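Numbers here simply count residues along the sequence, with the first being 1. Since this is a predicted model, take the numbers as computed values, not measurements.
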Amino acid sequence: MTEKDIIKTINKHSIKAVIAVVLVTLIAEVLDIYFFHGDLLSPIWIILLAIGACLYVFQKVLVDLLVKDEVKEEK
């Protein structure tokens with residue numbers, strides 16, 4: 001796999017994760033304002049979402065890199 005393929009895979013999976021983190025954070029912010037009348041959203045919540053998104057991207061990139069190589073070797 002070339003460097004361009006790796007970059008393409010990372011970009012493909014990271015865009016989904018970034019959009020999901022932004023949407024979940026915005027929804028949590030709206031719910032926080034609605035239920036807790038403007039108390040600040042905990043930064044730990046945002047950090048945990050970001051770590052989860054990073055792990056998701058890392059897992060998907062590894063699967064793309066390693067599974068394709070195994071399929072090519074079997075043929």
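Cluster annotation: L65 is connected to I10 through the hydrophobic network of ILVMFWY side chains, with a link wherever side-chain heavy atoms come within less than 4.5 Å.
Of all heavy-atom pairs between V21 and T25, the closest is O-OG1, 2.7 Å.
Tested against S14, the residues V57, V61, I19 include a single side chain to side chain contact (heavy atoms under 4.5 Å, CB included) partner, V57.
Among residues two or more places apart in sequence or in another chain, the side chain to side chain contact (heavy atoms under 4.5 Å, CB included) test is passed with L48 by I44. Partners of I47 under the side chain to side chain contact (heavy atoms under 4.5 Å, CB included) rule, at least two apart in sequence or in another chain, are I51.
You'll find the side chain of Q59 stays beyond 4.5 Å of the side chain of L55, heavy atoms only.
Note: K8 NZ to E3 CD = 15.0 Å, rounded to the nearest 0.5 Å.
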